[in-house]
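Data first, discussion second: the structure below is written as structure tokens.
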Number of protein chains: 2
Amino acid sequence: MLSPTARVILGMIRLGRRSGYEIKQLVDVSTRFFWAASYGQIYPELKRLEESGLVRSEDASTNGRARRAYELTERGDEALDEWLRSGAPLAFEMRDEGMLKLFFSDGVPAEHRLANVRAMRAHHGELAAHLRSIEPAAREKGGGPYAALRYGLAFHDFCAGYLSDLEPELEAELARR
Amino acid sequence: MLSPTARVILGMIRLGRRSGYEIKQLVDVSTRFFWAASYGQIYPELKRLEESGLVRSEDASTNGRARRAYELTERGDEALDEWLRSGAPLAFEMRDEGMLKLFFSDGVPAEHRLANVRAMRAHHGELAAHLRSIEPAAREKGGGPYAALRYGLAFHDFCAGYLSDLEPELEAELARR
DNA sequence: CTTTGCATGTAAACCGTTACATGATTTT
DNA sequence: AAAATCATGTAACGGTTTACATGCAAAG
């Protein structure tokens with residue numbers, strides 16, 4: 001069974017021969033929002049994947065600049081396919097500190113509750129803006145990455161919008177004192 | 001500074017004198033969807049919080065049934081307030097395996113892509129249904145917990161709806177072969 | 001009398017982030 | 001000459017889940 005991090009790594013490698021460094025860059029501009037990975041996970045996992053024969057690597061240095069490029073083996077390709085096609089339960093986790101504050105906010109002054117909701121809205125707004133900025137480039141390429149981007153964009157827009165609608169209520173409460 | 005788990009624990013205790021067991025039950029029916037906690041975190045953290053003077057405990061056994069009830073100390077109350085009022089950046093993390101599969105789904109047959117989207121929709125649909133089932137009780141009590149519930153409900157409804165709209169596209173693609 | 005629920009806890013394994021160390025190359 | 005970027009990696013720490021161990025009480 002593929003470890004959590006192995007899933008992104010194999011997926012990124014199938015998109016083309018890649019180094020650990022490149023995988024990290026790619027993750028940071030694409031899946032990061034729903035599936036992150038750090039160097040501390042990527043490099044050791046690449047080693048493990050090579051040991052278990054799912055990837056194969058080659059030196060790909062260019063004039064003195066060290067670089068090790070990985071590609072899928074046949075077994076790696078199969079493992080990735082198997083995961084993509086399996087109907088196993090999908091991990092879904094969310095941690096939202098703003099929501100936790102909202103939950104416990106009964107004792108605190110309306111002023112702080114409003115600040116919290118505004119911070120939440122700002123966060124979703126920024127993510128949506130970022131995704132919108134890369135949308136044209138992603139549209140060109142289409143496919144799965146573009147579908148994921150559109151979903152993420154819709155999602156963050158929705159959150160920002162919902163929270164935005166919440167603000168007037170809190171502002172009214174604040175003014176009512 | 002409060003550890004992640006300390007935040008839920010203190011919040012739950014402020015809602016009333018509680019045992020570790022009760023905190024876990026409460027988390028499981030309320031904050032779980034945006035902030036989970038396991039026994040393995042709760043019991044040790046309660047000890048740490050007591051050592052650092054943020055909570056105080058008493059034996060609350062009733063005829064042979066062991067039970068240790070915790071309540072906030074003044075310092076615990078202040079620490080909770082400080083967190084709730086602080087403008088520190090809010091943790092927000094999401095891990096969505098369905099989205100990751102969607103991202104990498106270009107190679108796989110439309111059939112599997114459709115199954116994935118359906119599974120994602122089902123998941124959000126079930127969560128929304130669950131929240132809807134406890135909505136009336138939460139409405140009675142109102143306040144922060146109810147606000148969080150409404151947000152969560154709107155959120156999962158939105159996701160289920162979006163994914164639902166995606167299905168016909170994939171079904172068409174499937175039929176087109 | 002057996003199962004479910006109340007109740008507390010620990011240990012191991014796993015996962016993940018952060019910070020650090022190193023060094024070459026390209027850009028400013 | 002300095003700063004940014006390419007590139008690889010490790011160690012320490014912190015956080016989380018899972019599985020296990022224990023035992024009494026209530027309900028069926």
Side-chain angles (χ1 to χ4, degrees), chain A residues 1-9 12-13 17-29 31-52 55 57-70 89 91-97 100, chain B residues 1-9 12-13 17-29 31-52 55 57-70 89 91-97 100:
Chain A
M1 234 266 300
L2 296 178
S3 78
T5 303
R7 313 205 245 259
V8 220
I9 292 181
M12 288 299 181
I13 294 177
R17 214 157 146 274
R18 304 240 180 277
S19 67
Y21 187 80
E22 279 176 306
I23 291 170
K24 169 72 169 142
Q25 309 311 303
L26 271 173
V27 165
D28 279 353
V29 296
T31 66
R32 166 167 60 116
F33 308 108
F34 50 89
W35 206 281
S38 67
Y39 288 125
Q41 297 169 263
I42 292 170
Y43 285 115
E45 185 66 33
L46 278 169
K47 250 186 201 167
R48 279 190 289 269
L49 288 170
E50 186 154 29
E51 274 162 29
S52 50
V55 303
S57 71
E58 255 184 357
D59 186 81
S61 305
T62 45
N63 43 294
R65 169 154 292 173
R67 187 164 175 276
R68 179 148 285 266
Y70 291 83
F92 182 87
E93 291 145 53
M94 203 167 91
R95 270 207 148 192
D96 186 338
E97 193 181 349
L100 193 67
Chain B
M1 233 268 300
L2 296 178
S3 78
T5 303
R7 314 205 243 260
V8 220
I9 291 181
M12 287 300 181
I13 293 178
R17 214 156 146 272
R18 305 239 180 278
S19 67
Y21 188 80
E22 279 177 305
I23 290 170
K24 169 72 170 142
Q25 309 311 305
L26 271 173
V27 164
D28 279 353
V29 297
T31 66
R32 167 167 61 117
F33 308 108
F34 51 90
W35 205 281
S38 66
Y39 288 125
Q41 296 169 262
I42 293 170
Y43 285 115
E45 186 65 33
L46 278 170
K47 252 188 199 165
R48 280 190 289 268
L49 288 170
E50 185 154 30
E51 273 162 30
S52 51
V55 303
S57 72
E58 256 184 359
D59 187 80
S61 305
T62 45
N63 43 295
R65 169 154 292 173
R67 187 163 177 275
R68 179 148 285 266
Y70 291 83
F92 181 87
E93 292 145 52
M94 204 168 90
R95 272 211 145 189
D96 186 338
E97 193 181 348
L100 193 67

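In what follows, every chain begins at residue 1, and chains take the letters A, B, ... in the order their sequences are listed.
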Salt bridge check: are B:Arg48 and B:Glu45 linked by an N-O gap of less than 4.0 Å?
yes
Tell me whether B:Glu50 contacts the main-chain N or O of B:Lys47 through its side chain, where contact means a donor paired with an acceptor under 3.5 Å.
no
From the options A:Ile23, A:Val55, A:Leu46, select the one residue that forms a side-chain contact (heavy atoms from CB on, under 4.5 Å) with A:Arg18.
A:Ile23
A:Lys47 vs A:Arg67, nearer the 5' end of DNA chain D by closest nucleotide
A:Arg67
Is B:Ser19 near enough to C:dT8 that one of its side-chain N or O atoms lies under 4.0 angstrom from OP1 or OP2?
yes
I want to confirm an ordering. Mapping A:Thr62 and B:Pro44 to their closest nucleotides on DNA chain C, which one lands closer to the 5' end?
B:Pro44
Rounding to a whole Å, what distance do you find between A:Tyr43:OH and C:dA19:P?
18 Å
Contact under 4.0 Å: A:Gln41 side-chain N or O vs C:dC15 OP1/OP2
no
Would you mind reading off the distance between B:Arg95 atom CZ and D:dT16 atom P, rounded to a whole angstrom?
13 Å
Interatomic distance where CE belongs to A:Met1 and C1' belongs to C:dC15 [whole Å]
13 Å
Base, sugar-phosphate alone, or nothing: which one does A:Ser61 contact when heavy atoms must sit under 4.0 Å apart?
nothing
Nearest heavy atom decides the nucleotide; on that basis, is A:Ser3 or A:Arg65 closer to the 5' end of DNA chain C?
A:Ser3
